[in-house]
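Starting from 1, each residue takes its place in the sequence as its number. What you see is a predicted model; the values in this text were computed from it and never measured.
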Amino acid sequence: LASSTWQRDSKNPVYGIKSVNYLEAIIARRQAASLGVDDVLFFNTQGQATETTIATLFMITQNRVYTPPLTCG
């Protein structure tokens, strides 16, 4: 897993909408392959992890599931 070389702007309305536009993920997957890793982790402009190209980011602590809010982009 590697960090994306670009950040996602949490104010961009596109990141709050589920769509079938996978261009950014395709570009990032090519970046991952060139680095010899399986996937890329995206961060927003505040440095918060948001997701990977193929998976939702989540954490389980004390039987609770946490995911980044939509406001993270």
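- Listed by chain and number, the hydrophobic cluster partners of Ile60 are Phe58, Val65, where partners are ILVMFWY side chains within reach of under 4.5 Å, directly or through others.
- Under the 4.5 Å side-chain criterion, counting only non-hydrogen atoms from C-beta, Leu1 is in contact with Thr52.
- With rounding to the nearest 0.5 Å, the separation of CZ in Phe43 from OG in Ser4 is 9.5 Å.
- Annotation: side-chain contact (heavy atoms from CB on, under 4.5 Å) contacts of Ala2 (sequence neighbours excluded): Leu35, Val37.
- A 4.5 Å side-chain heavy-atom check between Gln7 and Asp9 finds every atom pair outside the cut-off.
- Pairs engaging residues 57-73 under the salt bridge (Lys or Arg N to Asp or Glu O under 4.0 Å) rule: none recorded [sequence neighbours left out].
- For residues 20-38, the set of pairs meeting the side chain to side chain donor-acceptor pair (under 3.5 Å) definition, not counting sequence neighbours, comprises Thr5-Gln31, Trp6-Glu24, Arg8-Glu24, Tyr15-Glu24.
- Note that CG of Asn44 is 6.5 Å distant from OG1 of Thr50, once rounded to the nearest 0.5 Å.
- Here the shortest heavy-atom pairing between Ala49 and Pro68 reads O-CG, 3.6 Å.
- Shown here are the side-chain contact (heavy atoms from CB on, under 4.5 Å) partners of Ala25, two or more places apart in sequence or in another chain: Thr53.
- With a 4.5 Å cut-off on side-chain heavy atoms, Leu57 and Thr67 do not count as touching.
- Residues forming a side-chain contact (heavy atoms from CB on, under 4.5 Å) with Pro69 (at least two apart in sequence, or on another chain): Thr71, Cys72.
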